[in-house]
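For the numbers below, each heavy atom of this structure counts, side chains included, while hydrogens, waters and symmetry mates do not. Owing to the predicted nature of the structure, the values given are computational and were not obtained by experimental measurement. Order of the sequence lines sets the chain letters (A, B, ...), proteins ahead of strands, with each chain counted from 1.
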Amino acid sequence: MVFDIIFFFLCQVSLLLTGLGVIGTRNPIYAIFFFILVIINLSICLLLLSAEFLGFIFIVVYVGAICILFLFIVLLLDIRTIELGGGVLNYISASIVIMVSLLIELLLSLRNGNYLNNTLSNIKIISIEQWVETVHAIWNITTFGEFLYLYNFHVVVLVSLVLLIAMIGCVVITLEYRILLSSPVVAQQISRVANLRFLY
Amino acid sequence: MLLEYATIGLGLLVGGVVGVIMFALSYILILRNYDIEKLTPYECGFTTFRDSRDLFDVRFYLVAILFLIFDLEIVYLFPWCLAFYAMSLFGIISMIVFLIILTVGFVYEWMKGALDW
C-alpha cells in the first residue's frame with residue numbers, strides 16, 4: 001500500500017515535469033511528444049485512483065486522436081516565419097486567467113460537491129464487507145455502461161447527433177471545391193491492369 | 001491496486017527490454033561507414049527544392065477529423081460491451097439507434113466523396 005502511494009506521487013511528479021516540458025520546449029513536435037507523456041502519466045494516476053474509464057478514455061482520445069490533430073496543426077503552421085519561443089511572459093496573462101477560473105471551479109465543486117451523494121442516496125447502508133464486495137464486483141466502466149444505456153439513453157442519442165453534426169460540418173466546410181477536381185474511376189483503373197501491356 | 005496492473009507492467013518491461021536489446025544489437029554489430037553525403041538533404045534523387053514545412057491539402061486534415069469522430073464512437077461502444085451482461089433488449093436497441101445515426105453520417109461522407117482520393 002505504501003508502494004502504491006509512492007508510485008502515485010512519482011507519477012504526479014513526472015506529470016508536473018512533463019507538463020513543464022510542454023511549455024518549455026521550443027520545438028513544437030517535442031511539445032506534442034511531451035503532451036503524450038503528460039496524458040500517459042495522467043491516465044496512470046487515474047488508474048491508480050480506480051477511475052479506469054477516464055484513464056482509458058484519456059489515452060484513446062488524447063493520445064489517439066487529439067495528438068494527431070495537433071501534429072496536423074503544427075504541420076499547417078508556417079513555422080519558418082513565426083519566431084518561436086517568445087518566452088513564458090507572452091502567455092502569462094492568459095494562463096493566469098485560466099488558472100484562476102479553474103481554481104474557482106474547483107472550489108465551487110468542492111463546496112456543493114454532493115451531486116454523487118444525491119444520486120446514490122436511495123441505496124441502503126451496508127456493512128463494510130458487503131461494500132468491498134460490491135465495489136470490487138462492479139467495475140467502473142460497467143457502471144458507466146449501465147448508467148448510459150439502461151437509464152440515460154437520451155444522452156447517448158444526443159451524443160450521436162452531435163457527432164453527426166460534426167461529421168457533416170467538417171465535410172461541408174472542407175469539400176466544396178472538390179466538384180472541380182476529377183476523381184478517377186477505381187474499377188476502370190483496376191481493369192486497365194488486366195491488359196498486361198508491360199509483359200509483352 | 002498496483003499489483004493488479006502487474007501483468008501490464010511486466011509486459012511493458014519485457015517490451016521495453018526487447019526493444020532496447022534489438023536497438024543496441026543493431027547499433028553495435030552493424031558496420032558503419034560515415035559519409036558526408038549521407039547527411040545531405042535528399043529528395044527522390046534531387047537536392048531539396050525548398051523547406052519541408054509547406055502548405056498541403058486540407059483533405060489530409062479532414063481524414064484526421066473523421067478519424068477523431070469515429071474514435072469518439074469507440075468511447076461509447078466500450079462501456080456498452082462491458083455492461084452487456086446486464087442489458088435487456090432495450091440496451092441493445094439503444095446501441096443500434098446510436099450506430100444508425102452515426103452510419104447516416106458515414107454514408108453522407110461516402111456519397112459526398114470525402115473518403116475518395
Side-chain angles (χ1 to χ4, degrees), chain A residues 1 3-4 7-8 44 47-50 53 56-57 60-61 64-66 68-69 71-80 139-150 153-154 156-157 159-175 177-179 181 183-184 186, chain B residues 1-5 8 50-88 90-95 97-106 108-109 111-117:
Chain A
M1 203 61 197
F3 186 68
D4 279 18
F7 190 74
F8 183 70
I44 289 172
L47 286 179
L48 289 177
L49 289 171
S50 73
F53 184 68
F56 293 143
I57 290 316
V60 166
V61 172
I66 304 273
I68 292 173
L69 288 187
L71 272 178
F72 272 96
I73 288 165
V74 167
L75 290 175
L76 282 170
L77 287 175
D78 204 4
I79 302 284
R80 282 165 299 172
W139 209 25
N140 198 349
I141 306 171
T142 318
T143 319
F144 271 108
E146 290 178 16
F147 191 69
L148 275 179
Y149 292 100
L150 293 182
F153 170 59
H154 56 283
V156 180
V157 173
V159 163
S160 68
L161 286 175
V162 167
L163 289 178
L164 181 70
I165 289 169
M167 269 192 250
I168 291 174
C170 65
V171 168
V172 164
I173 286 170
T174 55
L175 270 179
Y177 66 97
R178 282 276 294 156
I179 306 157
L181 299 175
S183 63
V186 179
Chain B
M1 177 55 73
L2 196 59
L3 281 177
E4 296 171 13
Y5 294 106
I8 299 174
R50 55 188 177 209
D51 199 42
S52 61
R53 297 185 188 278
D54 204 358
L55 287 178
F56 58 91
D57 201 342
V58 76
R59 274 185 291 156
F60 293 103
Y61 196 63
L62 180 66
V63 170
I65 295 173
L66 296 178
F67 164 71
L68 177 90
I69 291 162
F70 287 108
D71 202 38
L72 288 177
E73 185 186 338
I74 290 171
V75 170
Y76 287 90
L77 279 167
F78 182 41
W80 182 77
C81 298
L82 286 171
F84 193 73
Y85 72 96
M87 278 181 195
S88 56
F90 179 74
I92 299 168
I93 288 173
S94 66
M95 194 61 201
V97 170
F98 178 73
L99 286 179
I100 281 174
I101 293 172
L102 282 169
T103 311
V104 167
F106 182 64
Y108 174 78
E109 287 165 14
M111 292 299 162
K112 196 81 177 176
L115 302 173
D116 292 342
W117 286 98

Residue pair B:E73, B:L99: steps toward the side chain to side chain contact (heavy atoms under 4.5 Å, CB included) verdict: CA-CA 9 Å; B:E73 185 186 338; B:L99 286 179; 3.1 Å; yes
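- Heavy-atom distances place both the backbone and the side chain of A:L161 under 4.5 Å from chain B.
- Here the shortest heavy-atom pairing between B:W80 and B:G91 reads NE1-O, 3.3 Å.
- Summarising the geometry of A:L49 relative to A:F8, their closest heavy-atom pair is CG-CE1, 3.9 Å, with the distance given to 0.1 Å.
- For A:I168, the parts lying near chain B are the backbone and the side chain together; criterion is any non-hydrogen pair under 4.5 Å.
- Looking at heavy atoms from C-beta onward, B:F70 lies in side-chain contact with B:F106 at the 4.5 angstrom threshold.
- B:F90 has its ring centre less than 6.0 Å from the ring centre of A:F153.
- If you measure heavy-atom distances from B:V97 to chain A, the contacts under 4.5 Å come from the side chain alone.
- For chain A, the nearby parts of B:I65 are the backbone and the side chain; heavy atoms of each come within less than 4.5 Å.
- Using a 4.5 Å cut-off between heavy atoms, A:F3 contacts chain B through both its backbone and its side chain.
- Every residue meeting the side-chain contact (heavy atoms from CB on, under 4.5 Å) condition with A:F7, not counting sequence neighbours, appears here in chain and number order: A:C11, A:I44, A:L48, B:L2.
- With a 4.5 Å cut-off on non-hydrogen atoms, B:L62 touches chain A through its side chain but not through its backbone.
- Interface residue B:Y108: only side-chain heavy atoms are found under 4.5 Å from chain A.
- Both the backbone and the side chain of B:F98 come within less than 4.5 Å of a heavy atom of chain A.
- Contacts between A:I165 and chain B at a heavy-atom distance below 4.5 Å are absent for every atom of the residue.
- The closest side-chain heavy-atom distance from A:L47 to A:F56 is below 4.5 Å.
- Here the closest heavy-atom approach between residue B:D71 and residue A:G64 is recorded as OD2-C, 4.4 Å.
- Between chain B and the options A:V61, A:V156, A:L69, A:L148, heavy-atom pairs under 4.5 Å are most frequent for A:L69.
- Using a 4.5 Å cut-off between heavy atoms, A:L163 contacts chain B through both its backbone and its side chain.
- Counting only heavy atoms from C-beta outward, the side chains of B:K112 and A:V172 never approach each other to under 4.5 Å.
- With chain B as partner, the option from A:L71, A:I68, A:V60 having the largest number of non-hydrogen pairs under 4.5 angstrom is A:V60.
- At a 4.5 Å heavy-atom cutoff, the contact between A:L150 and chain B is made by backbone and side-chain atoms alike.
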